[in-house]
Amino acid sequence: MGISFFRKKKQQQKEPEKQNKKYVEHLHVADINSNSFQPYEEFDQVMLEELANTMQRYGLLQPIVVRQLAENDYEVIAGEHRIRAAKLLEWEKIPAIVDEFDDFQSATLSIIGNFQTEPLNPIEEAKSYQRLLDKYDLTQIKLANYLGKTQSYISAKLSLLRVSLEIQDYVISQKLTQNHARTLLSLDESQQKQLAQTIMEDNLTVEQSRQLVKDFLDHPQQATNLYSKAKKNVQLKTARNLKVPINTIKKTINLVEQTGTKVRYEEFEDSGNYKIVIELDKG
């Protein structure tokens, strides 16, 4: 009975292991390839070298995740930077979680993994979404659900692909923000370039940029005077919106002065911001 019971227990313990396809193994680095949906267009060499130095000193704190395509052939699901750093270090093997994923899971998880560990720039992110939409004939809503995003988030990212390649480069290099780039969507390529230069040179806010584009479309023949007009419109709008709170602050200052306290204050207005600096005399 004892032997029979022991064998039964042993079989019960093995059965879940057969069902669970996920396991950790030390794989040959040479057998691991990039994900075909790997979203990065460029890799920061300095960052890779810094990561390699950290891995050399402390080891790999978290295994990469891969799927097996064939014997001695694996595809990275999460950990593209880590596998590249391992190759810089000329490691022979690397710990990896091997799991089963279909092509769609591989593609989506490759993007999700980068959200958590190695963020994409906005253009890389947008291109990744577009590839998934095209390859799997998805709607934006379905893609958003798969990725844990909102449809408006996906749509906003995809809109960046409608500006010119030059404007996209400005976003990648952080010369323009995503929101600044979106203000240019209604313009053609040459107009985008022209107004983007004004936005960058004069350090316009998004609201000023939006006004600049509006004025340009309304009066293209007066393009040279658009910046001053856009800035003036925003400042006037700001002044109107802040009239009540500014007057309230000044009334409060008057009440403080009536208590005998000496009060000094200065007003500043810059790039659509309005500041009041108040000083109270302790004496």
Pair S159-R182, side-chain hydrogen bond (donor to acceptor under 3.5 Å, both in side chains): steps then yes or no: CA-CA 7 Å; S159 69; R182 290 187 189 101; 3.3 Å; yes
Verify the neighbour count for atom [atom1] of [X]: are there more than 12 heavy atoms of other residues, nucleotides or ligands below 6.0 Å?
{"X": "I141", "atom1": "CD1", "value": "no"}
{"X": "E189", "atom1": "CD", "value": "no"}
{"X": "K87", "atom1": "NZ", "value": "yes"}

[Y] backbone acceptor or donor facing [X] side chain under 3.5 Å:
{"X": "N121", "Y": "I172", "result": "no"}
{"X": "Q168", "Y": "V163", "result": "yes"}
{"X": "E25", "Y": "L27", "result": "no"}
{"X": "N53", "Y": "E49", "result": "yes"}
{"X": "Q197", "Y": "Q194", "result": "no"}

Side-chain heavy atoms of S110 within contact of I77, under 4.5 Å: no
Side chain to side chain, K93 and V29, heavy atoms closer than 4.5 Å: no
Would you give the length of the straight line joining atom [atom1] of [X] to atom [atom2] of [Y], rounded to the nearest 0.5 angstrom?
{"X": "R131", "Y": "D134", "atom1": "CZ", "atom2": "CG", "result": "10.0 Å"}
{"X": "T205", "Y": "H180", "atom1": "OG1", "atom2": "NE2", "result": "6.0 Å"}
{"X": "Y23", "Y": "I97", "atom1": "OH", "atom2": "CD1", "result": "12.0 Å"}
{"X": "L143", "Y": "I111", "atom1": "CG", "atom2": "CD1", "result": "7.5 Å"}
{"X": "L176", "Y": "Q192", "atom1": "CG", "atom2": "CD", "result": "10.5 Å"}
{"X": "E124", "Y": "L160", "atom1": "CD", "atom2": "CG", "result": "12.5 Å"}

Common cluster, I112/F37, ILVMFWY with side-chain heavy-atom separation under 4.5 Å: yes
Verify same cluster id: F104, L133 (apolar side-chain graph, 4.5 Å): yes
Q151-Q140 side chain donor-acceptor pair, cut-off 3.5 Å: yes
Working for side-chain hydrogen bond (donor to acceptor under 3.5 Å, both in side chains), residues D215 and Q211: CA-CA 6 Å; D215 290 343; Q211 184 65 51; 3.0 Å; yes
R67 to Y74, cation-pi by 6.0 Å centre distance and 45° axis angle: no
